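What you are looking at is a predicted structure, and each value in this text was computed from that prediction instead of being measured. Atoms considered below: every heavy atom in the structure, side chains included; atoms not considered: hydrogens, waters and symmetry mates.
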Amino acid sequence: MAGLDLLTDIKIWVVLGIILGLAVGFDHPNSGSILMVALMFQMILSLHGLDFHRDDFSRYKKSIAVSIGCCFIVNTSITLLTGLLFIDDTALWYGWVMLAAVPCAVSLISASLYMHGDTKMAVLSLIAIYLVAMGASPLITHLLIGDAINPLDILKYVVLFVIIPFAIALPLKRVQIPRVPKLIGINAMMLILVMIGLGSRRDYIFSAPDIIFWLVLACILRVFIFSMVMVPIIRRTGCRREDGVVYLVLTIWRNSSMAVSMCMVLLSEQYPEAVLPAIISLVVESAWFAFINGTIDRMWPREEPAPAQ
C-alpha cells in the first residue's frame, strides 16, 4: 500500500522533521532530555530481534576487528580532518569532535539488509563497536576537548545510550513486534531528533546561513565524496562484497543522533552551536543512504549464483 510505503520511508520523516524544525522551531528547556529519551526508544526498536550465538564471535573475529578499525580509525579520522576546517570556531570544532567520538549508527543493520551485506557480521560488529565506544568515546573527547567535558560524563551517557537499550532489547526479542509498526516507531523518533536538533537552533541557522552552507558542504565532502573514494579501495582489498558493503557503511555512518543528544546535554549551555555539525550530518547521512542504496549494485555488482550442475 502506498500509505504504508510512505510511513516506512525514513526520508519522508527526515524531510518532515527538517520542515517542522525550521518552520516552527523547538524552544524548550528540556530539549536535551527529550532527545535522550527519543534516541533510547529508537535504539531499542532498532536492536529488537537481534540474534546471535557465542560461537559467532570467534568465527567473525577478523571481520569484527576490521569493522572496529573502519569505525574508530578511518571514520573518526576523516570526521576530525573535516572538522579541522572549523577549528577556529570553538563551538563547531567541539561539535565535530563529539561527532567523531560516537560509534556508528544502529541502522548499520538495516543498511546491511538493504544492501545485501552479511547481516550476522554487521550485528556482531555493532556489539563490539559499542563496547569499544565505552572507552574510545571518552578518550577521544578528553584528548581533543580537554576539560570542557568531563570524560566520566561521556562514559555515563554512552552507557546510558548503549547498555540500557541492549539490556531492554535482548529480552524483548521474544516479543513479536511487526516490521511496519517497528519501522514507523524508528522513523517517528528520527523525526523528533531532527525537529528538536534543528528547531532548537533555528534562530542561529537563519542568522548565519553562510556557516550552515559550509557545514552542509563539509558533510557532503565527508559523506558523499569520501564514499565514492572508499568503494574502489574496499573492492581492491579482495574482501567479499557481503563484508565490503558493511565496511563501507562503517567508514561513513556515525551515530549522529547520539552526537546531537550529547551535544545538547553536555555542551548546549556554553556552546549552543556545537550541535550543528551533528544535526547537519544526520540529514546528509540520511540522504546518502537513499543514494547509496540505489547505486551500490551498479558500483559493486553482486555475484550471480553459479548454475546448478
Side-chain angles (χ1 to χ4, degrees), residues 2 4-18 46 63 66-67 69-71 73-79 81-82 99 103-123 125-126 129 179-180 183 186-187 190-191 193-194 213 215-257 277-306:
L4 285 180
D5 288 342
L6 290 175
L7 289 174
T8 55
D9 188 344
I10 194 170
K11 299 188 295 297
I12 302 296
W13 294 81
V14 170
V15 170
L16 185 57
I18 294 170
S46 298
S63 298
V66 174
S67 296
C70 288
C71 179
I73 297 177
V74 179
N75 196 333
T76 293
S77 298
I78 293 300
T79 303
L81 286 172
T82 308
L99 183 63
C104 63
V106 180
S107 43
L108 167 71
I109 300 164
S110 302
S112 174
L113 287 169
Y114 278 111
M115 297 164 65
H116 305 282
D118 187 331
T119 305
K120 174 78 77 173
M121 188 268 278
V123 169
S125 296
L126 182 78
I129 285 167
R179 177 179 177 274
V180 171
L183 287 176
I186 291 170
N187 292 344
M190 181 65 79
L191 181 149
L193 291 164
V194 174
F213 169 79
L215 282 171
V216 170
L217 203 61
C219 285
I220 289 173
L221 173 67
R222 182 186 76 82
V223 174
F224 279 86
I225 305 304
F226 183 60
S227 70
M228 297 300 100
V229 174
M230 283 307 300
V231 171
I233 290 176
I234 295 173
R235 289 190 67 176
R236 287 194 189 102
T237 65
C239 70
R240 298 186 310 149
R241 183 194 182 279
E242 291 83 357
D243 295 342
V245 293
V246 176
Y247 299 151
L248 173 66
V249 175
L250 285 167
T251 61
I252 302 298
W253 220 341
R254 302 213 72 77
N255 195 332
S256 301
S257 302
I279 194 64
I280 299 298
S281 181
L282 176 62
V283 174
V284 173
E285 286 173 2
S286 299
W288 172 79
F289 178 60
F291 163 78
I292 201 68
N293 187 46
T295 59
I296 189 64
D297 283 343
R298 292 197 298 272
M299 298 169 65
W300 194 342
R302 282 180 282 160
E303 293 184 8
E304 295 294 332

How are the rings of Phe291 and Phe224 set relative to one another: parallel (under 30°), tilted (30 to 60°) or perpendicular (over 60°)?
tilted

Where do Met190 and Leu282 land on the side chain to side chain contact (heavy atoms under 4.5 Å, CB included) test, with the steps shown first?
CA-CA 9 Å; Met190 181 65 79; Leu282 176 62; 3.7 Å; yes

Any chance you could measure Ile280, atom CD1, to Arg222, atom CZ, to the nearest 0.5 Å?
12.0 Å

Please tell me if the side chains of Trp300 and Leu248 come closer than 4.5 Å, counting only heavy atoms from C-beta onward.
no

Would you call Met228 and Ile292 a side-chain contact if the rule is heavy atoms closer than 4.5 Å?
yes

Can Leu126 and Val106 be said to form a side chain to side chain contact (heavy atoms under 4.5 Å, CB included), step by step?
CA-CA 7 Å; Leu126 182 78; Val106 180; 4.2 Å; yes

Any non-hydrogen side-chain atom of Cys71 less than 4.5 Å from a side-chain atom of Arg254?
yes

Exercise: identify the closest heavy-atom pair between Val74 and Cys70:
CB-O, 3.5 Å

Distance col, row Ser112:OG vs Asp243:CG, nearest 0.5 angstrom, shows 9.5 Å

What are the two closest heavy atoms between Ser286 and Val14, and how far apart are they?
OG-CG2, 3.7 Å

With rounding to the nearest 0.5 Å, note down the distance linking CE in Met121 to OH in Tyr247.
4.5 Å

Leu191 and side-chain contact (heavy atoms from CB on, under 4.5 Å): which partner among Val15, Leu16, Ile18?
Leu16

If you measure from CG on Leu250 to CD1 on Ile73, what distance do you get to the nearest 0.5 Å?
12.5 Å

Of all the heavy-atom pairs spanning Gly117 and Val245, show the shortest one and how long it is.
CA-CG2, 3.4 Å

Donor-acceptor pair, distance only, cut-off 3.5 Å: does the side chain of Asp118 make one with the backbone of Glu242?
no

In Å, rounded to the nearest 0.5 Å, how long is the span from CD1 of Ile78 to OG1 of Thr251?
9.0 Å

Kindly give the heavy-atom pair with the smallest separation between Pro277 and Leu99, and that separation in Å.
O-CD2, 4.2 Å

Residue pair Asp297 / Arg241, side-chain heavy-atom distance below 4.5 Å:
yes

Give a yes or no answer on whether the side chain of Arg235 reaches the backbone of Met299 with a donor-acceptor pair at less than 3.5 Å.
yes

Taking atom OG1 of Thr119 and atom OH of Tyr114, what is their separation to the nearest 0.5 Å?
12.0 Å

Any heavy-atom pair between the side chains of Leu183 and Trp13 that's under 4.5 Å?
no

Below 4.5 Å, heavy atoms only, C-beta onward: do Ile220 and Val223 meet side chain to side chain?
no

How about Trp288 and Ser227: does a side-chain donor come under 3.5 Å of a side-chain acceptor?
yes

